[in-house]
Amino acid sequence: MVIAVDGPAASGKGTIARALARHFGLPHMDTGMLYRAVALSMFRFGGDPGSEFEAVRACDGVAQIDPTDEELRSEVVSSIASRISAYPGVRAALLERQRSFAAGADGAVLDGRDIGTVIAPHATAKLFVTASPEVRARRRVAELLARGMPSHYEDVLIDIRARDERDSGREAAPLAKAEDAELLDTSEMSIEEAIAAAIGLVEARVKARA
Ligand SMILES: Nc1ncnc2c1ncn2[C@@H]1O[C@H](COP(=O)(O)OP(=O)(O)O)[C@@H](O)[C@H]1O
Ligand SMILES: Nc1ccn([C@@H]2O[C@H](COP(=O)(O)OP(=O)(O)O)[C@@H](O)[C@H]2O)c(=O)n1
């Protein structure tokens, strides 16, 4: 079984994807981490995020980035990731890794922006997770604080809105709900409620397909 979880920044898609992977015993890939690793590689080792050529070259540096590096989650890296992810060359360079993960024998859960539309269009179940920009900004501020990276609500809200616009407006694999995806708005839900709702939606989809 392949489960595609898409949605905008800090909507809770990663939390939900990890919980679905645990619940259904599937491997999980956070595809945003690939784009963040390219961004961190450029931030740390040099490269102009305004240049597609340099961003594509930085894709080779992904393996050198430690996936537990706290800086992957920083706002500056988020912002560079959002910019370089608009380049078709960057998306092409990272495509195969995601497709082959989705094609694994055990099935998989992947979360990102284009899983249901581009990476795994034939996924067994697709969720599109959203929440209002204000709720997402509050969650991201709390998350950054817990990681020892204090930030200002207003700045994070501006960044989230800018990323929403860039991710949805780009030509290459824009953030969009797949036609056959279930919409899950977590604005008014606790983490536990959101996870329970997601499991329920996936189970209903599996039953409907059986
Ligand atoms: N339903 C929820 N209610 C409150 N906080 C949440 C909820 N879902 C996720 N969070 C918290 O919000 C932050 C962002 O969630 P995350 O799953 O990383 O989002 P995304 O992967 O969409 O960026 C995390 O700190 C997470 O614990
Ligand atoms: N499948 C994906 C995943 C992420 N991304 C980009 O990578 C950036 C970081 O993704 P993320 O999922 O780690 O970000 P958050 O939603 O956790 O803030 C996003 O702003 C997207 O622009 C993408 O284009 N396609």
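Remember, it's 1-based here, ligands and their atoms both numbered in the order they're listed.
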Taking a 3.5 Å cut-off between nitrogen or oxygen atoms, can you list every pair linking ligand 1 to the protein, with distances?
residue	atom	partner	partner atom	Å
ligand 1	1 (N)	R139	NH2	3.4
ligand 1	1 (N)	M189	O	3.0
ligand 1	1 (N)	S190	O	3.4
ligand 1	3 (N)	M189	O	3.3
ligand 1	17 (O)	G14	N	3.4
ligand 1	17 (O)	T15	N	2.8
ligand 1	17 (O)	T15	OG1	2.5
ligand 1	19 (O)	G12	N	3.2
ligand 1	21 (O)	G14	N	2.9
ligand 1	22 (O)	A10	N	3.4
ligand 1	22 (O)	S11	N	3.1
ligand 1	22 (O)	S11	OG	3.4
ligand 1	22 (O)	G12	N	3.1
ligand 1	22 (O)	K13	N	3.1
ligand 1	22 (O)	K13	NZ	2.8
ligand 1	23 (O)	A10	N	2.9
ligand 1	23 (O)	R140	NH2	2.9

Pair E143 + R147, salt bridge at N-O below 4.0 Å: yes
For the CD atom on E203, are there more than 12 heavy atoms of other groups (residues, nucleotides or ligands in this structure) within a distance under 6.0 Å? yes
Salt-bridge test for R91 and D114: reply yes if a basic N is under 4.0 Å from a carboxylate O, no otherwise. yes
Within the 4.0 Å heavy-atom sphere of ligand 2, strictly under, residues: A9, A10, K13, T31, G32, Y35, R36, R73, A81, S82, S85, R91, G112, R113, D114, R140, R163, D167, R170
Less than 4.0 angstrom from a charged side-chain N to a carboxylate O is my criterion; do D6 and K126 meet it? no
So, E96 and R99, do they make that salt bridge, N to O below 4.0 Å? no
Would you call D48 and R57 a salt bridge, using N to O less than 4.0 angstrom? no
May I ask you to decide whether R136 forms a salt bridge with D164, counting only side-chain N to carboxylate O separations under 4.0 Å? yes
Taking only Lys NZ, Arg NE, NH1 and NH2, and the carboxylate oxygens of Asp or Glu, determine whether D111 and K13 approach each other closer than 4.0 Å. no
What do you reckon, is CZ of F53 surrounded by more than 12 foreign heavy atoms closer than 6.0 Å? no
